4 protein chains.
Amino acid sequence: MLARKGFHSARVSEIARAAGVADGTIYLYFKSKEDILISLFEGHVGQLNQELRQSVAALPDTSARVAHIVRCQVGSLRRQRELAEVLSVTLRQSNRFLRQFAAPTFSEYLDIVAEVIADGQRRGEVREDISPLVVARALFGALDGLILTWALGRSPAGRLERAALQVAEVFIQGLRPPATS
Amino acid sequence: MLARKGFHSARVSEIARAAGVADGTIYLYFKSKEDILISLFEGHVGQLNQELRQSVAALPDTSARVAHIVRCQVGSLRRQRELAEVLSVTLRQSNRFLRQFAAPTFSEYLDIVAEVIADGQRRGEVREDISPLVVARALFGALDGLILTWALGRSPAGRLERAALQVAEVFIQGLRPPATS
Amino acid sequence: MLARKGFHSARVSEIARAAGVADGTIYLYFKSKEDILISLFEGHVGQLNQELRQSVAALPDTSARVAHIVRCQVGSLRRQRELAEVLSVTLRQSNRFLRQFAAPTFSEYLDIVAEVIADGQRRGEVREDISPLVVARALFGALDGLILTWALGRSPAGRLERAALQVAEVFIQGLRPPATS
Amino acid sequence: MLARKGFHSARVSEIARAAGVADGTIYLYFKSKEDILISLFEGHVGQLNQELRQSVAALPDTSARVAHIVRCQVGSLRRQRELAEVLSVTLRQSNRFLRQFAAPTFSEYLDIVAEVIADGQRRGEVREDISPLVVARALFGALDGLILTWALGRSPAGRLERAALQVAEVFIQGLRPPATS
DNA sequence: TATGAATGAGTATTCATTCAT
DNA sequence: CATGAATGAATACTCATTCAT
């Protein structure tokens, strides 16, 4: 709903109808229309963060971890094209949110990814000449770019996943330390 | 202006004042508020496309070309943080625009990048197991992610450029065909 | 309100204030500003039509019927000078309305009057050389002319009624078949 | 032009284009948009008044005079359906004008007609029990009603004229003093 | 006289939010 | 907890008018 119409186009009364409640009822659960969006985001990304924290450490090396991160980020959206659009597109529609873009939840996500990279550098699995945080942002952006066009288009979910894995491989290979002879 | 406030938050009268004209004058040059945004986008990306077309062919190999693309995309925004925000963030606020996301100008950009990759594959400089269009989208997204956080933050332009070059290197190395012994 | 200021001059917010509700509330009951006008018209003329239908048949001859029609049309407005102005003057301010001028409700009114005349012709009470519909339009127009100047002026209601009855007599006598010796 | 679109819908720039001049040029000849309308009215009705003044006195009796008035009022519009609409419909769209509805030019017209009736009463050709001014207003209104529907419809001009003559006959017969045996 | 680019006051309508029930 | 009728602030856009040329 939110996604099909975009956040600014979606009317609170439509959201309410879609949820099967009256307009006013929305305000028993959310402080404002914007709060609905923030809650969606925090819920989604928060869950993703939790998932990553629990699983990443168990994986043997950076390659496996990056592949896992990609699968998680993309996989969590795979079956909910609309949510994907909400998060990829619509989130950027809220000014107040934008000012919190480096907000805890999102920063946390970036930190988790950056830590994987930094750890890879310590292990000698990742080249030293790049900033872990830059990689985190670029990886997020790259997947976001895929998700955005996928969410707006009509390609099957499988195609998104395959594209994401290709991107994962580019990053994995691209992050490896240059072979020293 | 548009960028500081976001597109939906910016009032036409504010845009007019910032431009030093009366409200009505805006409508002598733009069909609607949304048209202002689209014009900005078409102008910027159109120029970028033209620039790329003219220069890419002259470059010797895919590595140089990818580095060039990155420099162009990022460099064209470097001195105009606000425009960066408009294009990276705000453009996604317009529904009509979103429906034209695969619009000529943007598609053209993707095609140019994809063609560089495809050509690289024909030359044996780029691994065959990835889709050129996927690379184009991912590269765009990765840079967009950097630009977004840069535009919203307060880092100096130099930092953006350095980050972008790191991303370029990751992609360049990541795209190389796996060494076959 | 509507009448004092004219339809185009009346602001929706003024109409709302006069009605003792908030601006937005108007739109719970009317589709648009123009709809307010159309509703007024349909309500007024519709009621007039109903009244005429119920009473005309019971009257013995065409003279009585014409007199009755005049009394009804004028009488229904007598105590609402402002409504008179709305209907006589302001209705002509709406283009969309004009295109529906032959709209059901008004056509119905003309048909009722025309049928009285046509029936009079069949009974031999009305001269045959005039078109019933022309009479209907002329009678409407004549009364409308009186109502218009009355509504805009400050004459007491009684004067309007007396004038209307004079017009009724002119029509009644004017419609009689010429005496055949 | 003015008529096809209505006065409120017609844009000054359209009027200018139709006249083959630039927007600003209009204001060399008219004080305001409303002034265009008033000028049209004054011009048309003023000419009608002049015409009536010159010809009415020469006619032998009230019947001939009423018939002449009708022919003049309707005839002057016959070939200009659009002007008819301007005068019949559009004039009522201007508030300032409405407040001048009893304005000199229109009052003059009513006075001319009323004087014909009053003179008829003095000659014994018109019944004494009706007010000359009421007749003037009713006659104007009756013709206005015909003209309005004619201007908005698509009937040929001849039909309007025939209808007007029927109305004239109704008035002429209706105004005659009741036969006293 | 004539132009037409620029103006900026003016307003219908929407829709997030509230609160009496 | 839930409702949904009522609210009223907020804003893109139009178009009559002006005036420098």
Side-chain angles (χ1 to χ4, degrees), chain A residues 2 5-17 19-37 94 96, chain B residues 2 5-17 19-37 94 96, chain C residues 2 5-17 19-37 94 96, chain D residues 2 5-17 19-37 94 96:
Chain A
L2 260 185
K5 313 217 32 161
F7 184 65
H8 274 99
S9 309
R11 307 301 154 210
V12 169
S13 63
E14 294 173 325
I15 297 174
R17 183 159 359 115
V21 298
D23 293 21
T25 309
I26 294 285
Y27 290 87
L28 296 178
Y29 299 100
F30 300 98
K31 226 173 58 240
S32 67
K33 187 186 172 189
E34 195 161 44
D35 189 44
I36 300 172
L37 194 60
S94 166
R96 196 180 321 176
Chain B
L2 262 186
K5 313 218 31 160
F7 183 66
H8 274 100
S9 310
R11 308 299 150 213
V12 169
S13 63
E14 293 173 327
I15 298 175
R17 182 159 359 118
V21 297
D23 293 22
T25 309
I26 294 285
Y27 290 88
L28 296 178
Y29 301 100
F30 300 98
K31 237 178 38 247
S32 66
K33 187 185 170 190
E34 193 161 44
D35 188 44
I36 300 172
L37 193 59
S94 166
R96 197 180 319 178
Chain C
L2 262 185
K5 314 218 31 161
F7 184 66
H8 274 99
S9 310
R11 308 299 150 214
V12 169
S13 62
E14 293 173 327
I15 298 175
R17 183 158 359 117
V21 298
D23 293 23
T25 310
I26 294 284
Y27 291 87
L28 296 179
Y29 300 101
F30 300 98
K31 236 177 41 242
S32 66
K33 188 184 170 190
E34 194 161 44
D35 189 43
I36 300 172
L37 194 58
S94 165
R96 197 180 319 177
Chain D
L2 262 186
K5 312 216 33 160
F7 184 65
H8 273 101
S9 309
R11 307 301 154 211
V12 169
S13 65
E14 294 173 325
I15 298 174
R17 185 163 353 120
V21 299
D23 294 20
T25 309
I26 294 284
Y27 290 87
L28 297 177
Y29 299 100
F30 300 98
K31 226 174 56 238
S32 67
K33 188 187 171 190
E34 194 161 44
D35 188 43
I36 300 172
L37 194 59
S94 166
R96 197 182 318 179

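Computed from a predicted model, the values in this text were never measured in an experiment. Sequence lines set the chain letters: A, B, ... in the order given, protein chains first and strands last, and positions in each chain run from 1.
Distance CD1 (D:I36) to P (F:dC15): 15 Å, rounded to an integer number of Å. B:E34 places its CD atom 17 Å from the P atom of F:dT11, with the value rounded to the nearest Å. Between D:R17 atom CZ and E:dG4 atom C1' the separation is 13 Å, expressed in whole Å. A:K33 has its NZ atom 15 Å from the P atom of E:dT14, to the nearest Å. Whole-Å rounding puts the D:Y27 OH to F:dT18 P distance at 7 Å. Straight-line distance from the CD1 atom of A:I15 to the C1' atom of E:dT17: 13 Å, rounded to whole Å. When rounded to the nearest whole Å, the span between NZ of B:K31 and P of F:dC13 equals 11 Å. The separation between B:E14 atom CD and E:dG8 atom P is 17 Å, rounded to whole Å.
Within the nucleic acid shown, B:V12 comes within 4.0 Å of sugar-phosphate atoms alone, with no base atom in reach, counting heavy atoms only.
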Item to check | Dot-bracket encoding per residue of DNA chain F, Watson-Crick/G-U cut-off under 3.5 Å, | denoting interstrand | outcome: .||||||||||||||||||||
Can you give me the N/O atom pairs linking the protein to nucleotides 2-6 of chain F at distances under 3.5 Å, or say none if there are none?
unit_1	atom_1	unit_2	atom_2	d
F:dA2	OP2	A:Y29	OH	2.5
F:dT3	OP2	A:A22	N	3.0
F:dT3	OP2	A:T25	OG1	2.5
F:dG4	N7	A:G24	N	3.1
F:dA6	OP1	C:Y29	OH	3.3
F:dA6	OP2	C:Y29	OH	2.7

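Taking the side-chain contact (heavy atoms from CB on, under 4.5 Å) definition, one finds that D:S13 meets it with D:R11, D:D23, sequence neighbours left out. With sequence neighbours left out, the side-chain contact (heavy atoms from CB on, under 4.5 Å) criterion links D:F30 to D:I26, D:D35, D:I36, D:S39.
Look at B:R11 and you'll find a side-chain N or O under 4.0 angstrom from OP1 or OP2 of F:dA12.
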